[in-house]
Amino acid sequence: MAMFRKVLIANRGEIALRVIQACRELGVQTVAVYSTADRESLHVVYADEEVCIGPPPSTESYLNVSSIIAAAEITGADAIHPGYGFLSENAHFAEVLRDCRLAWIGPPPEVIRMMGDKAQARETARRAGVPVLPGSKEPLADAEEATRLAGEVGYPVILKASAGGGGRGMRIVENAEQLPGLLATASEEASKAFGDGSVYLEKYLTAPRHIELQVFGDQHGNVIHVGERECSIQRRHQKLIEEAPSPALTPELRERMGEAAVRLCREVGYENAGTIEFLLDEDGRFYFMEMNTRIQVEHPVTEMVTGIDLVKLQVQVSSGDRLEIRNGLKPRGHAIECRVNAENPDTFAPSPGKLKTFHLPGGPGTRVDTHGYEDYVIPPYYDSLVAKLIVHDRSREEAIARMSRALDFFVVEGIHTTIPLHQRILRDPEFAAGRLSTRFMERFLQRAKQSSDDGGR
Ligand code: MV4
């Protein structure tokens with residue numbers, strides 16, 4: 001199949017720009033869509049054509065399927081790239097595009113739908129021989145079944161919404177007494193949030209690492225993995241820092257996790273970019289958690305250690321190209337990404353507004369993915385990501401030093417950002433030692449509070 005002539009980007013911010021860059025390198029024309037809050041945004045400036053699709057609320061613009069399809073038809077686009085968030089994991093949208101003879105730069109809608117049901121994804125992984133934690137085979141019927149199952153796997157257990165994911169609608173249960181009440185609230189919350197109250201149960205790991213494998217499939221049945229990212233540093237399920245490779249993986253463990261990820265993708269006929277999330281316990285055992293059927297925010301750390309342009313590859317495989325990359329690439333050096341959010345670094349309150357000063361760091365092994373510029377006004381309607389600062393160096397230690405330097409040389413005035421928080425995390429001895437877990441931020445903030453209390457006396 002021939003390369004696309006024109007791609008519409010159904011997104012905004014840094015990822016819209018990132019897709020425009022990839023398309024330009026491929027000689028593909030681009031169409032930006034934008035809400036009235038994004039008239040002054042760079043994705044609108046850099047695209048070849050642009051179409052206003054509605055007012056600021058994303059439900060009326062970036063989530064508005066009919067305006068986006070109309071924009072593609074008016075401009076004669078032949079494919080749509082959804083970026084991350086918004087419509088990127090909407091199986092219905094992907095299906096409608098097929099009916100409109102528009103190519104979808106992503107996996108088949110059937111696979112998006114199946115992986116979107118987290119209980120079904122877990123069962124599919126188990127059947128493919130990918131390790132899962134002890135727990136449900138299907139959504140829980142009632143409190144009685146939940147109590148029996150929890151007794152079998154042992155407390156603590158975690159309740160998860162089948163329609164959830166990314167940490168939404170979860171409850172940790174410490175003992176049998178708590179179970180019926182927490183099951184009821186989890187199910188009610190899931191009904192309200194997703195219109196589906198199904199909940200399943202798993203053994204809960206108290207301080208695992210969050211490690212994800214980047215996978216890729218083409219339309220000819222080839223599936224590869226290109227290594228892992230360690231994403232343990234999160235707060236309220238928002239990742240703050242990601243790195244590749246994980247300081248916890250040996251080449252052998254990487255190969256086993258990679259093989260498991262590829263096996264699952266083959267099983268479901270996966271195509272395009274995807275991510276398999278695993279939990280890794282202290283004894284080096286890994287368990288499937290969920291699959292994300294999109295390009296992720298943190299994809300640049302994988303790009304830096306593999307030399308692969310993942311976004312370009314998404315466009316290429318969607319137009320029918322074969323994957324020519326061999327499985328089991330060795331990561332080259334070490335990459336770290338810090339998410340620079342428009343947030344108060346102490347309270348995490350959103351901090352939209354004008355970027356009065358915006359000086360980007362540069363130099364060797366330093367990459368900034370951003371839609372920001374001096375005098376740009378960050379609108380209050382969307383997520384708070386202003387920039388991703390990514391560094392690459394030969395070793396983890398050198399990458400940390402390079403990141404500290406790059407953060408020092410990143411000057412933002414006019415709004416609060418998470419830059420000072422990142423500087424503190426990089427100085428933390430536990431971080432430096434690579435002792436990471438999903439509890440890292442909780443413990444780090446506790447340590448920070450402790451030392452300021454001590455200092456105040
Ligand atoms: C878990 C878990 C421990 N045990 N499941 C979080 C997001 C979603 N993908 C699933 N998540 C987790 N699932 C079991 N069986 C730990 C997490 C988890 C987490 C939990 C509480 C607070 C922060 C967390 C950060 C990452 C992962």
Side-chain angles (χ1 to χ4, degrees), residues 84-85 89 115-126 130-137 139-140 146 149-150 152-174 178-179 182-183 185-186 189-190 193-194 198-214 228-243 246 248 257 261 264 274-294 296-298 339 348 425 430-431 435-446:
Y84 52 69
E89 295 183 279
M115 289 299 177
D117 181 330
K118 305 300 166 182
Q120 207 185 332
R122 182 182 136 87
E123 189 51 19
T124 304
R126 195 188 61 76
V130 175
V132 298
L133 281 155
S136 314
K137 283 225 168 76
L140 298 163
L149 206 55
E152 279 172 31
V153 310
Y155 290 90
V157 298
I158 185 167
L159 301 171
K160 297 182 176 182
S162 304
R168 296 170 309 160
M170 304 189 334
R171 286 289 183 288
I172 297 156
V173 188
E174 303 289 346
Q178 295 178 332
L179 189 53
L182 289 175
L183 177 62
T185 53
E189 197 178 289
F194 318 115
S198 328
V199 168
Y200 65 103
L201 174 155
E202 273 181 0
K203 172 87 188 152
Y204 179 66
L205 295 180
T206 50
R209 288 171 187 259
H210 175 139
I211 290 173
E212 54 185 37
L213 265 285
Q214 177 70 54
E228 82 285 2
R229 295 182 285 263
E230 162 115 32
C231 306
S232 297
I233 304 195
Q234 347 189 330
R235 186 188 159 271
R236 298 202 177 157
H237 305 293
Q238 290 295 319
K239 293 167 187 158
L240 282 164
I241 301 180
E242 304 95 348
E243 58 184 294
S246 163
M257 291 177 82
L264 176 54
T275 296
I276 316 265
E277 296 185 0
F278 291 106
L279 294 175
L280 178 69
D281 72 14
E282 276 106 76
D283 303 319
R285 283 177 297 226
F286 63 89
Y287 305 94
F288 171 80
M289 194 162 46
E290 52 191 73
M291 178 167 195
N292 303 318
T293 54
R294 58 168 193 273
Q296 296 207 191
V297 176
E298 60 272 25
R339 296 193 189 188
F348 299 96
I425 296 171
E430 297 294 305
F431 178 79
R435 283 196 286 272
L436 309 178
S437 83
T438 53
R439 296 303 252 309
F440 179 90
M441 277 311 288
E442 186 188 319
R443 291 171 180 166
F444 171 82
L445 293 170
Q446 201 62 45

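Being a predicted model, the structure only gives us computed values, none of them experimental. Whatever order the structure lists them in is the order used to number ligands and atoms, beginning at 1. Only this structure's heavy atoms are used, side chains among them; waters, hydrogens and symmetry mates stay out.
Ranked by closest heavy atom to atom 23 (C) of ligand 1, the top entry among His237, Lys239, Glu290 is His237.
With hydrogens and angles disregarded, no donor-acceptor distance shorter than 3.5 Å links the side chain of Asn292 to the backbone of Arg294. Between the side chain of Arg122 and the backbone N or O of Leu133 there is at least one donor-acceptor pair closer than 3.5 Å. Side-chain atoms of Ser232 come within 3.5 Å of backbone N or O of His210 as a donor-acceptor pair.
Close contacts of ligand 1 with Glu202, meaning ligand atoms under 4.0 Å from a residue heavy atom, involve 5 (N), 14 (C), 15 (N). Close contacts between ligand 1 and Glu277 involve ligand atoms 9 (N) [criterion: under 4.0 Å to a heavy atom]. Proximity to Gln234 (heavy-atom distance under 4.0 Å) selects the following atoms of ligand 1: 25 (C), 26 (C). In summary, the atoms of ligand 1 found under 4.0 Å from a heavy atom of Leu279, numbered by their order in the structure, are 1 (C), 2 (C), 3 (C), 4 (N), 5 (N), 14 (C).
Between Arg443 and Glu430 there is no salt bridge, since no side-chain nitrogen of the basic residue lies less than 4.0 Å from a carboxylate oxygen of the acidic one.
Under the 6.0 Å distance and 45° angle rule, Arg235 counts as a cation-pi partner of Phe348.
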ask   = Please walk me through it: do Lys239 and Glu212 pass salt bridge (Lys or Arg N to Asp or Glu O under 4.0 Å)?
value = CA-CA 12 Å; Lys239 293 167 187 158; Glu212 54 185 37; 3.2 Å; yes
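The closest approach between Glu442 and ligand 1 stays at or above 4.0 Å for every heavy atom of the residue.
Contacts of Arg439 with ligand 1, taken as heavy-atom pairs under 4.0 Å, are absent altogether.
Considering backbone and side-chain N/O atoms, Lys160 comes within less than 3.5 Å of an N/O atom of ligand 1.
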